Structure formats: structure tokens, C-alpha cells
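Step one of this worksheet: look at the structure below.
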Amino acid sequence: MRVLTADDRLRALLARQLLTGRAALTVPRALERIGGLQTQHAPSGYLGLWSRLVGFERSTLTAMLHDGRVVQAWAMRSTIHMLSRRDHRVFTAAVRAEQRADWLRLSRDVTDADMTAAARVVGGLLADGPRRHAEITAALADAGLPAGVFPGVQHWIGLVRIPPAGTWATPRAHVYGLAAPGPEPDPAAARAALARRYLRAFGPASAPDVARFAGWPVRVARAALAGEDLRPFAAEDGTALLDVPRAPLPGPGSPLPVRFLGPYDAVLLLGHAAATGIVPAEHRHHVFATTRPRSAPVFLLHGRVAGTWEHRDGRVATTPFTPLDAADRRAVDDEAELLTAWYRDPEPGAPPA
């Protein structure tokens, strides 16, 4: 059995996340390839796609959010993701049962009957069209339901963010509507599909890695992986790893270009990030801090996080963690210039940097 080093896994992660070379893919296809983009901060989805796709324009994603080809909704780990319309239906079916159980376990003053009633209220209210967050919570209160049921109602009824809320020009996502109707996927098949998609986008990985990504107990991840045609590997510490057939495993000489990432990009989070060392331990406090509501925007150099950046006074300014040699400085500056030019795109409005 082949043993994979942290560097092997890092190169696989970056290649599968389209961060070793911009891809000529449509936005929905790219989102399916990388397992969606985590977007508590909506502009992060735009930044993530700019770093991954050839010629990506902000207006393209905004148009797809408007017409429903891209859906922004709660998904894995009960966090907001941008997903293709097809993946949204499958991924939410894959995680719904565990999310309901977790919500009821953590919200001891709320019952399953309360949540079912809340779903009826919200479904009836949104049948006439999207509503603002405040209108939805007011309707739930008028129905006599316990305070605080709204964050959990997403697990009982399909809710999506409705643009222009939750876009580049209007980052605050406070308007909700019902997901497009359609046949409900089989939950077991959906779990298997999500597990394979994680491996294709972030693998090779362990069953606990899959569980962390989906927000499942490990037993659910193991069941989802059982019976699948998967390649076995081992980590240097002996951890059993699995992978889908024919997924890329680039060699040591493969390119690792400079890439800029926004807050919450999942490539920096969860088990795959720890296993690959993509965020060096000595610099982790620069990226994640309890005093900040979100992770810092960062740039990758030679495959690992090497500094932070911000868009300030019309330019992208970088702050490396350590001094850069001349060649690395040029590479970072060149990518920063490209990002600066992209910020000047004619689509109106700009998010907080």
C-alpha cells in the first residue's frame, strides 16, 4: 500500500481544488468539481472562483445566482455554501437527518413537533415569494413558536438565499426563499455521493475527514463509504486513507503557483488542512483569530499559506509572514496586480475587503 506524505496530500488537494492551474470550466461544473464553496461571507465565493477559473467575471456568478443555476444555502456542517443546482439537492439530502438530530440535541427547549410546525409556517409564508429574515422570524413568533427556531428550520424545509442579497455588491444575505421543487434523492445514495465527492475534491482522506466535512458522526461516513470502489492508501502515521479511482496525485515537480483566497475557503479548514500543513502552525494565529469573525484573506506560495492580503485604496496589498526572496516577491506581486485589475471590473459595487 502506498504511503502518502503530507506533501503528496497537499499537491493532491491543490490540484483537485483547481489551485495548480486555472481551469476552463463553467461555474456550476467547477463548483461540482471542488465540492462547493463555503460562503458565510458571500464575496469569498467570487474570489474562490477567480483563483480557480480562466477568465472568471463576477457578473457571471451573480447572473447564475439570480437564475438558480448556482444555489447559496445551508449545506455541510450547517454552513452556507455556493453549490450547483444539482449538488444542492443531493448534498442537503445527504446531511439532513444528522442535522435535524444535532439541532434537537443542542436546542433542548425545541421539539421535533415545534420544528415541523415552524416548517409549515415558513413554507406557507414563502409560497408567495421571498421574504426578509425579520419577516420570517416575526411570523414564527406570531405562530407562538419558541424563540430561536429560525436557524434550525432550514433542516426541515429547503431554504435558499435570494439575490441580490448574498452577492458581490450586496454581501448581506438576509432574504430567503424556497428551494426549487423536485424529486427528493434517496438519503443513502445521497450520502454515498457526498462521500465520494469529498474524496474527489479533497482526498485522499480518512473516514473521519469525510465525517468532519459533512458534519456526520464517523459511523455515518464509514457506512457511506462502504461498498464503494475506492483506492486504499496510508498516511505516514499509519492512518488509513481512501480515494476515488483516477483522481489526480501530482508528483513532487508539479507546479504550485501563487494563489489568493478569501475568508472561509474550505481548502484552509478541516482535516485535510491539518494533514497537508497548508496553514503552517507557526502562522495559524495570523489566519484564524478569536477576535475576528472570519478567517483572514490569504495567499498561497509554494502551496502553503505565506501571508495575508487586503484590498485597500483600490489596490491589493500583501503582508507576507516572513521576508520573500526576489523571485517569490515578483510572483506574489504579479498575482496581486491581476487581482487588483479584477477588482476594477465594471460590475457595480464592491464588498468590504
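Values in this document were obtained by computation on a predicted structure and should not be read as measured data.
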Pairing of Arg2 and Asp243 as salt bridge, 4.0 angstrom limit: no
Are the side chain of Arg52 and the backbone of Gly48 linked by a donor-acceptor contact shorter than 3.5 Å? yes
Minimum side-chain heavy-atom gap Arg197-Asp87 below 4.5 Å: yes
Hey, does the side chain of Tyr264 reach the backbone of Gln40 with a donor-acceptor pair shorter than 3.5 angstrom? no
Taking the side chain as C-beta and beyond, is there a heavy-atom pair between Val210 and Pro208 under 4.5 Å? no
I'd like to check Glu32 versus Arg29 (side-chain heavy atoms, cut-off strictly below 4.5 Å). Are they in contact? yes
Using 4.0 Å as the upper bound for N to carboxylate O, is an ion pair formed by Arg330 and Asp333? no
Between Ala180 and Arg89, the two heavy atoms sitting closest are O-NH2, 3.2 Å
Are Phe288 and Ile278 joined in one hydrophobic group, where the rule is that I, L, V, M, F, W and Y side chains link up if heavy atoms are under 4.5 Å apart? yes
Quick one: ring pair (Phe, Tyr, Trp, His ring centres under 6.0 Å) partners of His272, sequence neighbours excluded? Tyr198, Phe202
For the student: nearest non-hydrogen atoms of Arg22 and Leu53, plus distance: CD-O, 3.4 Å
Would a hydrophobic clustering, with Ile, Leu, Val, Met, Phe, Trp and Tyr connected at side-chain separations under 4.5 Å, put Leu270 with Leu37? no
Are Leu14 and Val279 joined in one hydrophobic group, where the rule is that I, L, V, M, F, W and Y side chains link up if heavy atoms are under 4.5 Å apart? yes
Using a 4.5 Å cut-off between side-chain heavy atoms of Ile, Leu, Val, Met, Phe, Trp and Tyr, which other residues end up in the same hydrophobic cluster as Trp74? Ile80, Trp103, Leu104, Val110, Met115, Val121, Val122, Leu125, Leu126, Ile136, Leu140, Leu145, Val149, Phe150, Val153, Trp156, Ile157, Leu159, Tyr176, Leu178
For Asp67, I'd like to know if atom CG has over 12 heavy atoms of other residues, nucleotides or ligands within 6.0 Å. yes
Examine Met82 and Leu268 and state if one hydrophobic cluster contains both, with Ile, Leu, Val, Met, Phe, Trp and Tyr joined whenever side-chain heavy atoms are less than 4.5 Å apart. no
Give the intermediate values and the outcome of side-chain contact (heavy atoms from CB on, under 4.5 Å) for residues Phe213 and Leu194. CA-CA 10 Å; Phe213 174 75; Leu194 178 56; 3.9 Å; yes
Non-neighbouring partners of Arg196 that pass side-chain hydrogen bond (donor to acceptor under 3.5 Å, both in side chains), sequence neighbours left out: Glu228
Val316 and Tyr46: same hydrophobic cluster, using ILVMFWY side-chain contacts below 4.5 Å? yes
Ignoring hydrogens and geometry, is there a side-chain-to-backbone donor-acceptor pair from Gln72 to Gly166 under 3.5 Å? yes
Testing the basics here: between Pro28 and Met64, what is the closest heavy-atom pair and its distance to 0.1 Å? CD-SD, 3.6 Å
Main-chain N/O of Ala139 paired to Asp142 side chain as donor or acceptor, under 3.5 Å: no
Could you tell me whether the side chain of Thr239 reaches within less than 4.5 Å of the side chain of Leu241, counting heavy atoms only? yes
Side-chain heavy atoms of Pro204 within contact of Arg16, under 4.5 Å: yes
Taking the side chain from Ser206 and the backbone from Ala240, do they hold a donor-acceptor pair closer than 3.5 Å? no
Which pair of non-hydrogen atoms, one from Leu269 and one from Ala273, has the smallest distance, and what is that distance? O-CB, 3.4 Å
ring-ring contact (aromatic ring centres under 6.0 Å, His included): pairs with one or both residues in residues 48-67, sequence neighbours excluded: Trp50-Trp342
Lys/Arg-Asp/Glu bridge criterion (N-O < 4.0 Å) met for Glu282, Arg304: no
With distance as the sole test, does Gln17 use its side chain to make a donor-acceptor pair with the main-chain N or O of Ala201 at under 3.5 Å? yes
Counting N and O atoms only, with roles assigned by atom type, does the side chain of Trp216 sit under 3.5 Å from a partner on the main chain of Ala94, one being a donor and the other an acceptor? yes
Sorted by chain and residue number, the ring pair (Phe, Tyr, Trp, His ring centres under 6.0 Å) partners of Phe321 (sequence neighbours excluded) come out as His283, His286
With no hydrogens and no angle check, is any side-chain donor or acceptor of Gln99 less than 3.5 Å from a backbone partner on Ala75? yes
Considering only NZ, NE, NH1 and NH2 on the basic side and carboxylate oxygens on the acidic side, decide whether Arg96 and Glu184 come within less than 4.0 Å. yes
Enclosure of Arg329 CZ (heavy-atom neighbours >12, cutoff 6.0 Å): yes
Can you check whether Leu199 reaches Asp209 side chain to side chain, under 4.5 Å on heavy atoms? no
Is any side-chain heavy atom of Leu25 less than 4.5 Å from a side-chain heavy atom of Leu18? yes
Closest non-hydrogen atom pair, Gln38 against Ala266: OE1-CB, 4.2 Å
Quick check: do Thr318 and Thr308 have side-chain heavy atoms less than 4.5 Å from each other? no
Please list, one pair per line, the donor and acceptor atoms closer than 3.5 Å that link side chains of residues 244-262 to other protein atoms, with sequence neighbours excluded.
residue	atom	partner	partner atom	Å
Ser254	OG	Arg11	NH1	2.9
Ser254	OG	Gly251	O	2.8
Arg259	NE	Ser51	O	3.3

